[in-house]
Structures are given as structure tokens and as C-alpha cells.
Amino acid sequence: MSADVHAAPSPAARFLRTLISPRGAVFLLLAVLLIAIIALNPSFAEPSQLVRFIQRVAPIAIVAIGQYFVIVSGEFDLSMGSLVTTQVVLAGTLIGQDDSKVLPVLLLLIVIGVVVGLVNGLVTTLLRVPSFIVTLGMMLALYGGVMWWTGGAASGNPADSFRQVGRGGIADLPIVGMLPWAVIVLAVVVALAIWLSRRPFGRVLVAIGDNPQASAFAGATVWRTKTAAFVISSLSATLAGILLVGYAGVHPSVGRGYEFIAITAVVLGGVVLGGGRGHVVGALAGAFALESLFTLLNFTSVPSTARDAIQGVIIIAAVAYSGVVFTARRRAAPVTGTETRPVPTPGPSDSWDPAAAGAPSAAPPGSPGSATTGSIPSPDPAGDDAARGTNTKENRS
């Protein structure tokens, strides 16, 4: 075999490969959309307009980041939109024009967000009810409760001090004029999400989404980690609701459809439905690309009623593209040599020693009610990698 077969690809080839991959394609799409918007409306490129655009995207981006932590663990959260609506209506009804109620109601909203996340997570992990059903029920319960409480009409108008979080900012700045608080909040959330995704929690979450059984054998507490992801998702929906009160006002339909927008953004950002693959920055880029697409549609006078159809097409196209690319890579891996990690193949005389492999001999502590309790697990070379956060799907692809 000639040496050219094993030659490392050039930096330009690696960059092109990354750009057309499901992870990198969203950044290419975002750049194309922004160029198209600027071509139609040159004033969009002004710093003040770009900052306003980021302010408008902030609630969607925060919800998408929360949805990322749930999807990458292999679950769904369909209750985010109804939770946004609930928090907005509660703020408008309970605060009113009394500034002294801002802090107590804010704490109440956070507590409600934590409780909703705990219920979603615990019912999903401990009772083994699919998250699709659990969060769908939570979505209907929250939305039905809000509609019953408000009668389907706008309710309340919170004090301006509370709405300043969504509509106000630092004024009289050079170049941009005003830096909205929503942009600052988004920057803090992104920094925390990236930090969290690189911590053991984030790596274990990806490993659980990739292979929950191997992660449990490696010592990961699956139910606790997934429940924490649901709590993060609910808190992100709560924060998005607080921002939306500022400039979208109080209405029972203000958060309607946010769960599907968040899922679309996450999928568009290269995060695999089913978990185990993806990055929080991709979800963030997916949110910006989706909002850029809707902005472009507005400039081209495409009816707003077509947005749902476009979202559906985007989800199908993104999932299909990811499937085609990863399937092609798996088939090409033995030929191109990308499968660099040797996989041990024990012979007939070999025996697997759980102690030597660092795995517990009893049932995995993070797998309540596991069917493997009391049995010796089969040798799984992916288990240790999953616990360390090394994505086995990535290696296979």
C-alpha cells in the first residue's frame, strides 16, 4: 500500500470537511443568510441593528441551549413553550404595577421552573415513562391551566422595573448606541453553557445519550444527570419568559411553538436526535440561523403562515443530511483509516475481569430497576470512553 493512502489531509481539506459536516454546515448557512439579508437591506449590517437582532434572538437562543442539554442526553422537552407562557402570565398577573412584588414573584417563577423540570426528569427516569409523553402531558397541563385562568385573553401588565430586563439596556454607548440587557444575559448563559458542557456533567450527559447502559456500568448516575438536564431546560424557559415580558408583552400565546423552534434550532445545529452527539455552540448557531431565515423571509414578503411548513422541512432535511453523512463516514472508516482506536477482541481463552476493567460487579448505581442487576456485564470497550465523555458515535463515524 502506498504512503499516499495514509497521508494526513491538508488544513484546507480538513476545513472543507468540517464546513460541510452536519456540525459545520449551520455556520455556513448562517453566513449565507446574513449576506442575503444585508444584500436586501444594507442597514442591517449597522452595529446598532445587529445588536437589536441579537436582542430579538436571545429568548430563542436561551431556550435552544436548554433544549440542547435534554436532547443530547437522548430525551425531549416539549413543555418549554407552555412553561414560557405560564411564566409570562404569572408575572403579568402577580406583579401588576407594584414594584415591591418583583423580587418575590421572580423567586416564585424560578421555583416553578425547578419543580416542572424535576417532575419531567423524575417521571422520565424513575418511572420509565418516555419523555415525549411526559413533557407532552406537562405542555397540555400548563397551557390548559393558563387558558383556564386567563380565559384566553391578555392578562395583567407587570411594572416597568420588571420589563426593563427584556426591553432596557446600557444606553449612550459609542457605535452601538444601547447594549440591551437581553444581549448581556445571553452572553452569560452561553458562557455558562459552554463551561458546563466541558465539565464532567456535560461529558457524562453526552455519554449517557450515546450509550446509557455503558455509562451506568461505568458509574454514571443516569437518573440524576438526566433530571438535572430537564431542570436546566425548564430554567432556560423561565429566563426566556422573563425576557419576553419586556418587549412581547403579556398574552397566553406568547410562548406558543417555542418548543418546536428550540428543537428545530438544535437539530439545525448538528445535534443528533436521540442523543450522544452535538455541541452547545451548534445549538446556538442553529437558533441564529433559524431567526435569520425568518428575517430573510420577512424581507422577501413570504407569508408568516408558511413558517411552520418551513420549520418542518428544515427538521426533515437536517436529520436526513446528518444520517447520510454519518452513514457514509461509517462505511468509509475502514478504508480511510479514521477508525484509529483499536477495539479489543477477546479470544476464546480470554476472560473479562470487571475489577481490572474498573467497572462495578453489581448493578450500575445510576440505573434504577436495571434488568442487568446481579449479572456480569459483557466486556464493553466503549463504556469507559463513554464515562470520560469520549463520543463513541464519533469514533464509529
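All values derive from a computational prediction rather than experimental measurement. Heads up: numbering here begins at 1 and tracks the sequence.
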I'd like to know whether L136 forms a side-chain contact (heavy atoms from CB on, under 4.5 Å) with F76, so could you lay out the CA-CA distance, the side-chain angles of the two residues, the decisive distance to 0.1 Å, and finally the verdict.
CA-CA 9 Å; L136 178 64; F76 285 96; over 6 Å; no
Please walk me through it: do V134 and L127 pass side-chain contact (heavy atoms from CB on, under 4.5 Å)?
CA-CA 10 Å; V134 176; L127 300 183; over 6 Å; no
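Placement of I184 and V245 within a single hydrophobic cluster is found when ILVMFWY residues are connected by side-chain heavy-atom separations under 4.5 Å, directly or transitively. Put simply, V63 and L235 are part of two different groups of oily side chains (I, L, V, M, F, W, Y) that touch within less than 4.5 Å, one to the next. The same ILVMFWY cluster, assembled from side-chain heavy atoms under 4.5 Å apart, contains both I54 and I38. By the criterion of side-chain heavy atoms lying less than 4.5 angstrom apart, applied directly or through intervening Ile, Leu, Val, Met, Phe, Trp or Tyr residues, F230 is not grouped with L140; the two fall into different hydrophobic clusters. At a threshold of 4.5 Å between side-chain heavy atoms, the hydrophobic network of Ile, Leu, Val, Met, Phe, Trp and Tyr places L83 and V111 in one connected group.
Not a single donor-acceptor pair under 3.5 Å links the side chain of S131 to the backbone N or O of T124. Checked by atom type and distance alone, the side chain of R203 never pairs as donor or acceptor with a backbone atom of S197 at under 3.5 Å. Under a 3.5 Å cut-off, the side chain of Q55 and the backbone N or O of A182 do not form any donor-acceptor pair. Listed for the Q87 side chain is no donor-acceptor partner under 3.5 Å among the backbone atoms of T238.
Across all non-hydrogen atoms, the minimal contact from S79 to L142 is O-CD1, 4.4 Å. For T225 against T221, the heavy-atom pair with the smallest separation is OG1-O, 2.8 Å. Residue A228 comes nearest to F201 through the heavy atom pair CB-CE1, 3.7 Å, listed as atom of the first residue, atom of the second, then distance.
Looking only at side-chain heavy atoms (C-beta outward), L34 and F44 come within less than 4.5 Å of each other.
Atom CD1 of residue I110 and atom CG of residue L239 lie 9.0 Å apart, to the nearest 0.5 angstrom. For the atom pair CZ of F288 and CG of L30, the computed distance is 8.0 Å after rounding to the nearest 0.5 Å. Atom-to-atom distance recorded for L29:CG and L290:CG is 9.5 Å, nearest 0.5 angstrom. If you take CG on L90 and CD1 on I112, they are separated by 5.0 Å, rounding to the nearest 0.5 Å.
Crowding of I175 atom CD1: a count of heavy atoms from other residues, nucleotides or ligands under 6.0 Å not exceeding 12. Atom CZ of F299 has more than 12 heavy atoms from other residues, nucleotides or ligands within 6.0 Å.
Side-chain N/O atoms of R52 and Q49 include no donor and acceptor closer than 3.5 Å.
Only one option out of L205, V206, V204 pairs with S73 in a side-chain contact (heavy atoms from CB on, under 4.5 Å); it is L205.
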